[in-house]
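Proteins get letters first, then strands, A, B, ... in listed order; numbering begins at 1 in each. Source: prediction; values computed, not measured.
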Number of protein chains: 2
Amino acid sequence: MKTKENLSKSENTSKKTTKEKIFDTSIDLFSQKGFNTVSVREIAREVGIRESSIYNHYKNKEAILDAITDYFISELAQSGQITGNMDELIIQGPEVFFEVGGKLFIERMNRAKNEKIWRIIAIEVFHNDKIRNFFRNELLEEPLKSWENIFNIMMEKNLIKPSNPRTLAYEYFSFAIFLFFEYYVLKYNDDYESFMDLALDKMSKHSEFILNAIKV
Amino acid sequence: MKTKENLSKSENTSKKTTKEKIFDTSIDLFSQKGFNTVSVREIAREVGIRESSIYNHYKNKEAILDAITDYFISELAQSGQITGNMDELIIQGPEVFFEVGGKLFIERMNRAKNEKIWRIIAIEVFHNDKIRNFFRNELLEEPLKSWENIFNIMMEKNLIKPSNPRTLAYEYFSFAIFLFFEYYVLKYNDDYESFMDLALDKMSKHSEFILNAIKV
DNA sequence: GTCTATACTTCGATAGAC
DNA sequence: GTCTATCGAAGTATAGAC
């Protein structure tokens with residue numbers, strides 16, 4: 001979509017249009033201070049224009065956040081296409097599937113590349129309807145359905161112990177949501193690298209625990 | 001603390017002091033619309049005074065939220081004292097402990113009685129330092145430590161399979177945090193009863209899953 | 001002690017000139 | 001497209017009435 005893909009969000013080069021500068025600057029500021037704390041005047045000052053000029057590019061302040069959300073949703077949708085032949089993967093058993101699934105998860109987190117937007121999603125999920133609905137549907141319900149389906153297939157093929165696949169989906173995937181909140185909200189400190197390391201280590205231990213609990 | 005304990009937050013009787021009215025009205029409004037969306041003038045109108053009068057009772061708008069948080073923290077601290085003879089409980093095995101632990105958890109959720117304040121905690125946890133620190137320390141780290149200790153004792157007494165007690169604490173308790181966010185944030189709709197029913201059902205299934213995974 | 005009138009500053013947003 | 005000028009509403013502060 002658009003021309004965003006090849007642009008780093010932080011470089012404010014003169015090649016960027018004013019609208020792009022507003023977009024990128026807003027991501028920086030919203031992720032640091034939250035939507036409400038950032039004023040339109042502050043964005044304008046950072047971009048180098050008067051505050052009224054903002055309204056030539058975006059209907060209002062909310063529309064900037066909307067644009068950021070839309071951009072992020074479309075980025076994530078693209079990275080979600082990597083499914084392909086999942087059945088072949090499933091029949092290789094839960095060990096292999098968890099490993100590949102974990103890598104896909106990381107790829108998805110990094111593909112929808114901007115860690116700053118993940119942070120915005122995290123802190124505005126309770127104040128913004130669009131973000132909340134996106135989170136609930138695309139980041140919670142859809143993955144839960146997928147995992148329920150996966151565990152269901154594994155049970156039918158006797159690859160794991162029989163149990164309730166919906167419960168199993170919750171047991172496995174809710175931990176990822178917990179980690180998201182733990183690091184992006186409760187412990188966030190701009191140190192993105194350590195977040196990823198810690199979260200991946202914890203997710204790996206979690207996979208191991210689940211694996212031991214369900215393997216035949 | 002203070003005189004809050006015996007007052008229902010919703011009844012705006014004339015017996016209440018102005019400060020109490022401000023306090024209670026703010027809880028209602030903040031839980032419905034969020035801190036930022038509520039104006040001081042709106043609180044004042046609801047209470048029946050001018051906005052400038054608010055400042056005779058609270059330093060500023062933030063101080064009202066601070067008072068609500070402090071009240072809630074002290075309420076929760078009181079309900080946390082119910083520990084007592086935990087060792088006796090532990091040696092009865094994980095089944096009994098999970099059941100009693102679940103009941104204590106519910107009691108704690110209901111004792112710190114105001115579901116409205118739980119909602120405020122949930123939606124302001126990312127915008128307010130005091131709330132975030134409270135959540136991270138008292139609702140996440142402390143319970144994790146307790147559960148780590150509990151699982152450690154159970155392992156020493158060979159009541160459960162040997163594993164990493166810290167990992168086990170995360171496996172068990174992070175699900176409660178997930179449920180909190182799922183219902184108070186992502187799916188909140190003023191229907192508090194159904195939240196409790198659904199969450200308790202899910203937590204019960206989760207306990208069962210963990211139990212099957214760790215029992216000897 | 002409690003409340004009000006009033007003013008100050010900053011915010012999001014609009015209109016119109018260049 | 002960007003500017004200046006301006007608006008109403010927000011959070012806040014205080015002097016003074018009762």
Side-chain angles (χ1 to χ4, degrees), chain A residues 2-3 7 12-69 120 123-124 127-131, chain B residues 2-4 7 12-69 120 123-124 126-131:
Chain A
K2 290 295 159 46
T3 62
L7 288 173
N12 250 350
T13 68
S14 55
K15 281 181 289 185
K16 288 197 284 187
T17 68
T18 301
K19 185 163 188 172
E20 285 168 338
K21 286 182 190 170
I22 295 170
F23 186 89
D24 295 348
T25 300
S26 296
I27 290 176
D28 285 341
L29 293 174
F30 290 165
S31 66
Q32 286 164 25
K33 309 165 66 175
F35 177 78
N36 273 298
T37 315
V38 176
S39 70
V40 175
R41 283 166 174 83
E42 189 176 2
I43 298 170
R45 198 187 322 125
E46 199 79 17
V47 171
I49 54 175
R50 296 288 144 192
E51 61 262 30
S52 59
S53 302
I54 297 275
Y55 296 88
N56 286 313
H57 304 282
Y58 291 97
K59 183 175 170 292
N60 54 27
K61 188 183 167 190
E62 189 89 24
I64 305 176
L65 183 56
D66 263 15
I68 294 171
T69 306
I120 296 173
I123 62 180
E124 300 305 333
H127 296 281
N128 184 283
D129 286 346
K130 180 182 272 190
I131 293 179
Chain B
K2 289 292 158 46
T3 62
K4 286 279 158 308
L7 287 172
N12 249 350
T13 67
S14 53
K15 280 179 288 184
K16 287 197 285 188
T17 68
T18 302
K19 186 162 189 173
E20 284 169 337
K21 284 183 190 171
I22 296 170
F23 185 89
D24 295 348
T25 301
S26 296
I27 290 176
D28 285 341
L29 293 174
F30 290 163
S31 67
Q32 285 165 24
K33 309 165 69 176
F35 177 77
N36 273 296
T37 315
V38 177
S39 70
V40 175
R41 284 167 172 82
E42 190 176 0
I43 298 170
R45 197 188 321 124
E46 199 79 18
V47 171
I49 55 177
R50 297 290 144 194
E51 63 262 27
S52 57
S53 304
I54 298 275
Y55 295 88
N56 289 311
H57 305 281
Y58 291 97
K59 182 177 170 292
N60 55 25
K61 189 182 167 191
E62 190 88 24
I64 305 176
L65 183 56
D66 263 16
I68 294 171
T69 306
I120 295 174
I123 62 179
E124 301 304 335
F126 313 154
H127 296 282
N128 184 281
D129 286 346
K130 179 181 272 190
I131 293 178

Within this structure, what is the CZ-to-C1' distance between B:Arg45 and D:dA9, rounded to whole angstrom?
12 Å
I need the CZ-P distance between A:Arg41 and C:dT10, as an integer number of Å.
9 Å
Take the protein atom CZ of A:Phe35 and the nucleotide atom P of C:dC11, then report the distance between them rounded to whole Å.
14 Å
Quick one: does B:Ile43's side chain get under 4.5 Å of B:Phe30's, heavy atoms only?
yes
Residue list, salt bridge (Lys or Arg N to Asp or Glu O under 4.0 Å) with A:Lys130, at least two apart or on another chain:
A:Asp66, A:Asp70
Between A:Thr25 and A:Ile22, is there a donor-acceptor pair closer than 3.5 Å when you use the side chain of the first and the backbone of the second?
no
Side chain of A:Ser39, heavy atoms from C-beta onward: which of D:dG11, C:dG12, C:dT2 has the nearest atom to it?
C:dG12
Can you tell me how far C1' of D:dT12 sits from CD1 of B:Ile64, to the nearest Å?
12 Å
Taking OP1 and OP2 of C:dC3, is either one under 4.0 Å from a side-chain nitrogen or oxygen of B:His57?
yes
How many whole angstroms separate atom NZ of B:Lys19 from atom P of C:dC3?
12 Å
Which part of the nucleic acid, if any, lies within reach of B:Ser53 when heavy atoms closer than 4.0 Å are counted: base, sugar-phosphate only, or nothing?
base
Across the strands shown, which category fits B:Arg50 at heavy-atom distances under 4.0 angstrom: base, sugar-phosphate, nothing?
sugar-phosphate
Taking OH from B:Tyr55 and P from D:dA10, how many angstroms apart are they, rounded to a whole number?
12 Å
When all nucleic acid strands are considered with a 4.0 Å heavy-atom cut-off, which category describes B:Thr18: base, sugar-phosphate, or nothing?
sugar-phosphate
Separation of C:dA5 C1' from B:Ile54 CD1 (nearest whole Å):
16 Å
Atom pair distance, as rounded to whole Å: NZ in A:Lys61 and P in D:dA10:
15 Å
Between B:His57 (side chain only) and B:Ile64 (backbone N and O only), is there a donor and an acceptor less than 3.5 Å apart?
no
Keeping the roles fixed (side chain from A:Glu124, backbone from A:Ile131), state whether a donor-acceptor pair exists under 3.5 Å.
no
With sugar-phosphate meaning primed atoms plus P, OP1 and OP2, does B:Asn56 contact a base, only sugar-phosphate, or nothing at under 4.0 Å between heavy atoms?
base
